[in-house]
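Okay, so here's the structure we're looking at.
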Amino acid sequence: MFKKMLMLDCDGVCWSVFHALKGKLSHDGKDTGIIYGFLNHLFAVQSYEKADTIVFAWDSNTKGSKRKEIFPEYKKKRHATEKTPEEVALDKQRYNQVKILREDILPKLGFSNIFSQDGYEGDDVIGSIVNSYKKDYFIKIVARDKDLYQLID
């Protein structure tokens with residue numbers, strides 16, 4: 001009998017809850033929507049799946065991308081226009097919440113399977129872990145990224 005592994009493309013989950021809860025939840029004047037939404041999503045999925053292991057895959061925090069090294073046009077259309085000051089401020093809020101989740105809250109909750117790799121996206125990390133553990137685990141991936149369909153077998 002396989003053990004169950006639940007893998008989260010964490011930046012994708014954060015992006016979804018950021019747009020769903022933007023500006024709707026705060027504490028001491030700081031937006032907390034991503035933190036609340038992420039944890040709510042995590043606990044709901046785990047309650048349903050009852051996984052033996054949960055893996056958190058995050059995008060790299062460093063500038064630079066292996067994908068851009070290989071293909072310089074990667075995501076170029078997404079960054080074609082200048083961001084407004086409001087968009088820059090929202091990006092900072094989003095990044096701060098992601099950092100708090102990743103470096104403070106999840107470890108304090110006892111989660112240790114928190115992975116990222118410089119220059120790689122969370123879906124790259126997921127692909128690597130799936131290929132390493134698919135013989136030992138029944139793996140469910142929580143993600144919005146359709147590129148991950150290639151991992152189905």
Side-chain angles (χ1 to χ4, degrees), residues 1-25 27 30-79 90-153:
M1 176 105 171
F2 281 113
K3 294 183 279 182
K4 287 184 179 179
M5 180 185 291
L6 180 64
M7 300 195 71
L8 280 86
D9 181 1
C10 296
D11 287 276
V13 172
C14 287
W15 186 253
S16 293
V17 296
F18 167 70
H19 287 289
L21 299 173
K22 184 172 25 180
K24 293 180 182 170
L25 297 172
H27 177 72
K30 294 181 180 177
D31 192 17
T32 57
I34 291 173
I35 295 168
Y36 172 80
F38 182 92
L39 292 174
N40 190 46
H41 188 74
L42 166 65
F43 296 138
V45 171
Q46 172 56 0
S47 175
Y48 181 77
E49 293 297 336
K50 301 189 181 357
D52 301 297
T53 301
I54 302 174
V55 175
F56 301 89
W58 295 91
D59 291 353
S60 170
N61 328 346
T62 61
K63 296 259 183 195
S65 162
K66 300 294 181 188
R67 292 180 185 196
K68 282 187 181 180
E69 287 176 18
I70 296 166
F71 182 62
E73 299 298 310
Y74 180 69
K75 290 189 179 179
K76 198 166 191 170
K77 288 182 183 179
R78 290 186 192 179
H79 307 290
L90 282 173
D91 280 349
K92 278 186 179 179
Q93 281 183 346
R94 184 171 49 83
Y95 177 77
N96 288 337
Q97 288 185 71
V98 166
K99 184 176 180 185
I100 290 167
L101 258 173
R102 187 173 156 162
E103 296 176 6
D104 189 36
I105 294 173
L106 290 174
K108 282 182 179 173
L109 289 173
F111 294 109
S112 58
N113 291 328
I114 303 168
F115 297 100
S116 69
Q117 180 67 42
D118 287 348
Y120 292 93
E121 294 183 12
D123 56 340
D124 300 317
V125 174
I126 288 171
S128 178
I129 293 171
V130 166
N131 284 328
S132 296
Y133 290 94
K134 66 184 176 185
K135 291 181 181 169
D136 301 317
Y137 286 88
F138 179 76
I139 302 171
K140 289 218 175 166
I141 301 170
V142 177
R144 298 175 36 219
D145 194 328
K146 293 179 181 136
D147 291 343
L148 292 169
Y149 287 165
Q150 65 189 309
L151 297 174
I152 296 172
D153 69 3

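We number each residue from 1, following the sequence as shown. No experiment lies behind these values; they were computed from the predicted model shown. No hydrogens, no waters, no symmetry mates; every other heavy atom, side chains included, goes into these values.
- Under the side-chain contact (heavy atoms from CB on, under 4.5 Å) criterion, K24 pairs with no residue at all, not counting sequence neighbours.
- In this structure, CG in N131 is found 6.5 Å from CG in L151, a value given to the nearest 0.5 Å.
- Considering every non-hydrogen atom in both V125 and W58, the closest pair reads CG2-O, 4.3 Å.
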Pairs of donor and acceptor atoms involving the side chains of residues 4-11, under 3.5 Å and at least two apart or interchain, shall be tabulated with distances.
residue : atom : partner : partner atom : Å
K4      : NZ   : E49     : O            : 3.1
D11     : OD2  : D59     : N            : 2.5

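- Sorted by first then second residue, the ring pair (Phe, Tyr, Trp, His ring centres under 6.0 Å) pairs that include residues 121-153, not counting sequence neighbours, number zero.
- Counting only distance, with no hydrogens or angles, the side chain of D124 and the backbone of E121 share a donor-acceptor pair below 3.5 Å.
- In terms of heavy-atom proximity, A57 sits nearest to G122 at CB-O, 3.6 Å.
- Residue pairs that meet the side-chain hydrogen bond (donor to acceptor under 3.5 Å, both in side chains) test with at least one member in residues 98-112, sequence neighbours left out, are N61-R102, R102-S116, D104-K108.
- Cation-pi check for K22 over F18 is met; the charged atom lies under 6.0 angstrom from the ring centroid and within 45 degrees of its normal.
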After noting the C-alpha distance and the side-chain angles of I100 and Q97, does the key distance pass the side chain to side chain contact (heavy atoms under 4.5 Å, CB included) rule?
-> CA-CA 5 Å; I100 290 167; Q97 288 185 71; 5.6 Å; no
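- Taking each heavy atom of G119 and S60 in turn, the nearest pair found is N-OG, 3.0 Å.
- Checked against side-chain contact (heavy atoms from CB on, under 4.5 Å), N113 has the following partners two or more places apart in sequence or in another chain: T53, V55, F115.
- Shortest non-hydrogen contact noted between K134 and F2 is O-CE2, 4.2 Å.
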Listed pairs under 3.5 Å, donor-acceptor, residues 32-43 side chains, sequence neighbours left out:
none

